[in-house]
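Ligands are counted one by one from 1 in listed order, and the atoms in each one are counted from 1 as well.
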Amino acid sequence: MTKVIPLNERPAWKALGAHYLQVREVQLRKLFAEDPQRGERFTVETDGISLDYSKNRITDETLKLLIQLAEESGLRERIDAMFRGEKINITENRAVLHVALRAPKSESIVVDGEDVVPAVHAVLDKMAAFAERVRSGAWKGHTGKRIRNVINIGIGGSDLGPVMAYEALKYYSQRDITFRFVSNVDGTDFAEAVRDLNPEETLFLVASKTFTTLETMTNAHSARDWSLAAFGGDEKAVAKHFVAISTNAKEVAKFGIDTANMFEFWDWVGGRYSMDSAIGLSTMVAIGPDNFRAMLNGFHQMDEHFRTAPFASNLPVLMGLLTVWYTDFFDAQTVAVLPYEQYLKRFPAYLQQLTMESNGKHVTLDGTRVAADTGPVYWGEPGTNGQHSFYQLIHQGTRLIPCDFIGFYKTLNPLGRHHDVLMANVFAQAEALAFGKTAEEVKAEGTPDWLVPHRVFEGNRPSNTILAEKLTPEVLGKLVALYEHMVFTQGTIWSIDSFDQWGVELGKVLAQRIIGELESATEPPLTHDSSTTSLIRRYRKNK
Ligand code: G6Q
């Protein structure tokens with residue numbers, strides 16, 4: 001079993017505790033006044049992505065101690081172990097190799113004695129050939145019509161990445177194909193997705209690592225029924241209207257999909273780390289193989305940065321350490337991610353799974369309870385919309401909410417003044433959060449005394465500002481990899497397994513049992529607690 005030194009026994013952790021007591025009241029106003037270079041000094045850049053972390057409640061000493069904490073927590077060794085293909089997902093005894101999905105052909109990464117890089121490229125080539133056929137119209141449906149609609153059926157990691165990437169890269173997508181994503185077992189999701197579509201022109205991508213997930217299989221069967229109903233039940237149609245993305249060839253064949261139409265990936269790709277595997281097939285069909293490869297190249301550049309850059313200038317490491325600082329010392333419970341880019345509207349939802357399913361754990365690698373708080377709640381919405389709703393709480397509420405602002409120098413849709421107005425808001429929000437507005441300043445504006453407290457902004461609210469040139473496939477790859485490795489950094493400090501998800505199991509098992517109890521014609525013996533039993537009875541009576 002992995003040996004873990006409890007967090008609170010690591011020297012840097014103890015030093016950070018003492019240091020926190022000294023700096024917790026320090027104002028960003030003061031830190032900036034004392035160091036006119038702070039904004040530049042606390043900005044790092046790699047491959048066209050810059051991170052300004054100067055508006056954080058840190059000093060040089062804080063940074064030194066946080067980096068020492070990363071070292072004492074074995075971050076260097078963990079990074080190397082991940083990239084070497086060691087089985088660092090210990091509770092599932094698996095390697096964690098999403099980095100292999102974007103490794104260039106020239107690299108070699110060995111798992112269980114086998115170099116996985118050639119297999120990755122073979123699948124990418126197969127995906128590319130398929131994507132080209134769909135995009136060009138060469139792939140025909142059962143009645144000879146070209147495909148106009150592509151529907152990805154998947155959930156969790158087999159949905160959130162594909163939806164986010166499609167929305168993020170819509171600008172680059174082939175506009176004469178409609179893309180939709182069905183995830184929820186709520187029949188409404190499927191019904192609304194197909195209501196205006198012609199089955200003859202509709203192709204389903206069934207994305208499921210296990211090919212046993214209840215929601216996905218339920219939706220896939222409904223899709224099969226919907227499709228076959230249009231073709232007089234002719235099973236041969238399945239081959240033209242269904243492809244599978246999975247690690248489970250047996251189940252794919254059982255469903256009736258020809259395994260020649262199956263795109264493979266591997267158990268060393270976690271669901272929430274899979275958008276750049278075959279799970280990204282919908283993305284590739286949408287944006288084309290070249291753009292998909294550019295995205296992979298972006299991922300790879302950030303991987304190399306994470307693997308090789310010193311911690312003090314390593315973007316994911318710095319962001320991970322800052323979250324630990326706020327979560328564990330300032331007792332911050334959430335982090336807001338605020339992209340000022342409409343195309344990134346699903347990015348916060350994607351990050352919710354990446355961050356919270358990875359680090360929402362309370363047990364360390366050696367099976368003991370972690371000595372501090374772990375994964376904060378991630379949430380957010382694109383700016384400027386959020387400014388007109390929840391930003392009030394960030395500015396004047398009682399809770400500390402570190403924010404990540406994400407913006408771009410150039411817009412994909414230049415339109416009059418829009419982009420300058422948008423970006424002015426990014427800079428203004430971060431400035432207002434950090435420096436606020438004092439009572440004196442409010443009074444000086446002629447505000448009556450009784451109103452002054454309401455109009456004061458305390459400031460000292462931390463944020464990061466991430467900037468890049470514009471939202472390209474390559475930049476999206478870098479951004480996602482940035483957050484993936486940030487999550488890994490956090491998980492390493494907390495000594496948790498960021499790659500399992502046992503917490504989602506119990507509810508699934510209980511639901512399986514309750515499905516039978518809801519479907520049974522007569523009431524079966526119900527042996528739940530009195531609340532669950534009476535809810536089931538109420539539902540059975542009224543359904
Ligand atoms: C992600 C999780 C989970 C998974 C879904 C779908 O890391 O493991 O969200 O992606 O449960 O699983 P399948 O791809 O096996 O259907």
Verify the ring-centre separation between [Y] and [X]: is it less than 6.0 angstrom?
| X | Y | value |
| --- | --- | --- |
| Phe299 | His98 | no |
| Tyr340 | Phe408 | no |
| Phe130 | Phe263 | yes |

Gly157 N/O under 3.5 Å from ligand 1 N/O: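 Yes.
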
N/O separation below 3.5 Å, Thr216 to ligand 1: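 No, no N or O pair falls under 3.5 Å.
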
Protein heavy-atom partner closest to atom 2 (C) of ligand 1 - residue, atom, separation in Å: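 Result: Glu357 OE1, 3.4 Å.
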
Nearest non-hydrogen protein atom, atom 15 (O) of ligand 1: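 For this ligand atom, the closest protein heavy atom is Thr210 OG1, 2.6 Å.
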
Heavy-atom protein neighbour under 4.0 angstrom from atom 11 (O) of ligand 1: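 Not a single protein heavy atom is under 4.0 Å away.
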
At less than 4.0 angstrom from any non-hydrogen atom of [X], what atoms of ligand 1 do you find?
| X | answer |
| --- | --- |
| Ser208 | 13 (P), 14 (O), 15 (O), 16 (O) |
| Thr213 | 12 (O), 13 (P), 15 (O), 16 (O) |
| Gln501 | 7 (O), 8 (O) |
| Ser158 | 10 (O), 13 (P), 14 (O) |

Cation over ring face, Arg224 and Phe242, 6.0 Å, 45°: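 Output no; distance or angle outside limits.
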
Ring geometry between Phe179 and Tyr166 (parallel below 30°, tilted from 30 to 60°, perpendicular above 60°):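 Taking Phe179 first and then Tyr166, their aromatic rings sit tilted (interplane angle of 30° to 60°).
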
Mutual orientation of the aromatic rings belonging to Phe83 and His485 [parallel < 30°, tilted 30-60°, perpendicular > 60°]: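 Rings of Phe83 and His485: tilted, 30 to 60°.
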
Winner among Val504, Thr247, Ile155 once heavy atoms are compared against atom 5 (C) of ligand 1: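 Minimum heavy-atom distance to atom 5 (C) of ligand 1 goes to Ile155.
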
Proximal candidate to atom 3 (C) of ligand 1 [heavy atom criterion; set Glu251, Lys508, Arg272, Gln353]: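 Ranked by closest heavy atom to atom 3 (C) of ligand 1, first place is Gln353.
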
side-chain hydrogen bond (donor to acceptor under 3.5 Å, both in side chains) assessment of His305 paired with Thr46: CA-CA 7 Å; His305 168 76; Thr46 184; 3.2 Å; yes

Approximate separation, where rounding is to 0.5 Å, of Ile153 CD1 and Arg180 CZ: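 If I round to the nearest 0.5 Å, the distance is 13.0 Å.
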
